[in-house]
K.L.:
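Submitted below is the structure of interest, expressed as structure tokens.
Nothing here was measured: the structure is a model prediction, and the numbers come from that model. Hydrogens, waters and symmetry mates are skipped; everything else that's a heavy atom, side chains included, is used.
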Amino acid sequence: MGLLDAILGRSKPVRPDLDQLFAVPSAALTLQAATGFTPTGLGSVCFAGVEGGGFARLREDVRELLDADTERGGIPVEFSRDAYGYTWLLATHPADDTAGLVNDLHAVNTMLQDGGFGPHLLCSLIGFRNTEGRSLALVYLYKRGTFYPFAPLPGDAEKRDNQLELQVRGALGDDLRVEKDLSRWFPVWGAPGL
């Protein structure tokens with residue numbers, strides 16, 4: 001950061017720290033004890049789609065890597081596109097294999113980053129559910145290196161349970177690097193894995 005940046009109040013962008021994802025399995029235990037939400041075994045990665053052969057090859061490499069265990073009963077990854085044109089990759093593991101799910105999400109993020117597509121990565125999320133069937137996601141913001149909770153209210157209306165989100169933030173403050181700027185807690189309505 002140069003002198004001009006300091007004078008103008010510009011800050012250096014936060015470097016992504018994908019290893020933050022490895023804190024999720026222990027944070028899941030804290031979350032379960034504090035709120036009753038348990039992992040669903042579903043997780044996803046969201047990225048802006050890119051056209052071209054290089055990206056298509058990388059996408060197939062990701063599919064090949066994550067589908068390697070389908071012959072042993074693993075569930076193949078699913079790709080989908082949302083209403084905003086973003087691509088989502090959904091990975092599925094047994095609910096008690098949060099570590100395996102996180103490894104897959106980390107691998108996808110790393111492959112995209114190392115393939116030169118890091119700027120297209122938006123977020124990753126890990127799904128949770130309580131005994132009442134309520135959904136919750138821990139969302140990892142790639143460009144910020146932080147997490148935030150997203151708790152949609154049940155029903156068709158796109159409304160959030162802000163109280164639960166703040167409760168989760170308080171519970172996980174020692175386990176995860178939680179995003180301090182609440183304006184960056186973007187809704188991820190209809191995200192695969194939620």
K.L.:
Evaluate the salt bridge (Lys or Arg N to Asp or Glu O under 4.0 Å) criterion for residues D181 and R144: first the C-alpha distance (whole Å), next the side-chain angles of each, then the deciding distance (0.1 Å), finally the verdict.
P.N.:
CA-CA 10 Å; D181 184 354; R144 303 278 298 168; 5.2 Å; no
K.L.:
Between Y86 and A48, what is the shortest heavy-atom contact and its length?
P.N.:
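Closest approach of Y86 to A48: CD2-CA, 3.8 Å.
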K.L.:
Can you name the closest pair of heavy atoms from L164 and R134 and give their distance?
P.N.:
CD2-NH2, 3.9 Å
K.L.:
Picking from D82, V139, L122, what satisfies side-chain contact (heavy atoms from CB on, under 4.5 Å) with V188?
P.N.:
V139
K.L.:
In terms of hydrophobic clusters joined by side-chain contacts under 4.5 Å, are L18 and F47 together?
P.N.:
yes
K.L.:
So how far is it from C123 SG to Y142 OH, rounded to the nearest 0.5 Å?
P.N.:
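One finds 13.0 Å between SG of C123 and OH of Y142.
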K.L.:
To the nearest 0.5 Å, what is the distance between CD (Q167) and CG (N162)?
P.N.:
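These two atoms lie 12.5 Å from each other.
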K.L.:
Could you state the interatomic distance from OG1 (T40) to CG (L101), rounded to the nearest 0.5 Å?
P.N.:
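Separation between the atoms: 7.5 Å.
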K.L.:
What verdict does the side chain to side chain donor-acceptor pair (under 3.5 Å) test give for N130 and T35, after you've listed the backbone C-alpha separation in whole Å, the side-chain angles of each residue and the deciding distance to 0.1 Å?
P.N.:
CA-CA 8 Å; N130 69 5; T35 64; over 6 Å; no
K.L.:
Show the numbers, then the answer: is there a side-chain contact (heavy atoms from CB on, under 4.5 Å) between D19 and H106?
P.N.:
CA-CA 8 Å; D19 290 345; H106 186 276; 3.1 Å; yes
K.L.:
Does the D97 side chain pair with the main chain of H93, one donor and one acceptor, at a distance under 3.5 Å?
P.N.:
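Not confirmed, D97 side chain does not pair with H93 backbone.
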K.L.:
Verify the cluster assignment for V102 and L29: are they in a single hydrophobic cluster under the rule of side-chain heavy atoms below 4.5 Å apart?
P.N.:
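Each belongs to a different hydrophobic cluster.
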K.L.:
Please answer: with hydrophobic residues joined when any side-chain heavy atoms are less than 4.5 Å apart, are V45 and V77 in the same cluster?
P.N.:
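Yes: a chain of side-chain contacts under 4.5 Å links V45 to V77.
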K.L.:
Are W88 and F186 connected in a single hydrophobic cluster, I mean Ile/Leu/Val/Met/Phe/Trp/Tyr linked by side-chain heavy atoms less than 4.5 Å apart?
P.N.:
yes
K.L.:
Taking all atoms of both residues into account, what is the closest heavy-atom pair of P192 and S44, and its distance?
P.N.:
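Distance-wise, the nearest heavy atoms are O-OG, 2.7 Å.
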K.L.:
List the atom of A23, the atom of L176, and the distance in Å for their closest heavy-atom pair.
P.N.:
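Heavy atoms only, the tightest pair is CB-CD2, 3.7 Å.
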K.L.:
Nearest 0.5 angstrom please: L90 CG to L105 CG, how far?
P.N.:
9.5 Å
K.L.:
Would you check if there is a donor-acceptor pair between the side chains of E165 and Y148 at a distance under 3.5 Å?
P.N.:
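Not at all, the side chains of Y148 and E165 share no donor-acceptor pair under 3.5 Å.
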K.L.:
Pairing donors with acceptors under 3.5 angstrom, does anything connect the side chains of R177 and T146?
P.N.:
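The answer is no; no qualifying pair exists.
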K.L.:
Which residue, W189, Y140, W185, forms the ring-ring contact (aromatic ring centres under 6.0 Å, His included) with F150?
P.N.:
W189
K.L.:
Could you go through the side chain to side chain donor-acceptor pair (under 3.5 Å) check for R129 and S135 one step at a time?
P.N.:
CA-CA 5 Å; R129 201 167 303 286; S135 296; 2.6 Å; yes
K.L.:
Would you find more than 12 non-hydrogen atoms of other residues, nucleotides or ligands less than 6.0 Å from Q163 atom CD?
P.N.:
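Counting other residues, nucleotides and ligands, CD of Q163 stays at 12 neighbours or fewer.
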K.L.:
Looking only at non-hydrogen atoms, find the nearest pair between A151 and L136 and report the distance.
P.N.:
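In terms of heavy atoms, the two residues are closest at CB-CD1, 3.7 Å.
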K.L.:
Any side-chain heavy atom of F128 within less than 4.5 Å of one from T38?
P.N.:
no
K.L.:
Given side chains that start at C-beta, do those of P187 and R160 come closer than 4.5 Å, heavy atoms only?
P.N.:
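Yes - at least one pair of side-chain heavy atoms lies under 4.5 Å apart.
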K.L.:
Examine L42 and L89 and state if one hydrophobic cluster contains both, with Ile, Leu, Val, Met, Phe, Trp and Tyr joined whenever side-chain heavy atoms are less than 4.5 Å apart.
P.N.:
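No.
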K.L.:
F147 and side-chain contact (heavy atoms from CB on, under 4.5 Å): which single residue from V168, L141, L125, L21 fits?
P.N.:
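Between F147 and the candidates, side-chain contact (heavy atoms from CB on, under 4.5 Å) is satisfied uniquely by L21.
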K.L.:
Between S80 and T87, is a side-chain contact (heavy atoms from CB on, under 4.5 Å) present by the stated rule, with each step listed?
P.N.:
CA-CA 6 Å; S80 62; T87 300; over 6 Å; no
K.L.:
Grab the two heavy atoms, one from Q113 and one from L121, that are nearest each other, plus how far apart they are.
P.N.:
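Minimum heavy-atom contact is N-CD1, 4.3 Å.
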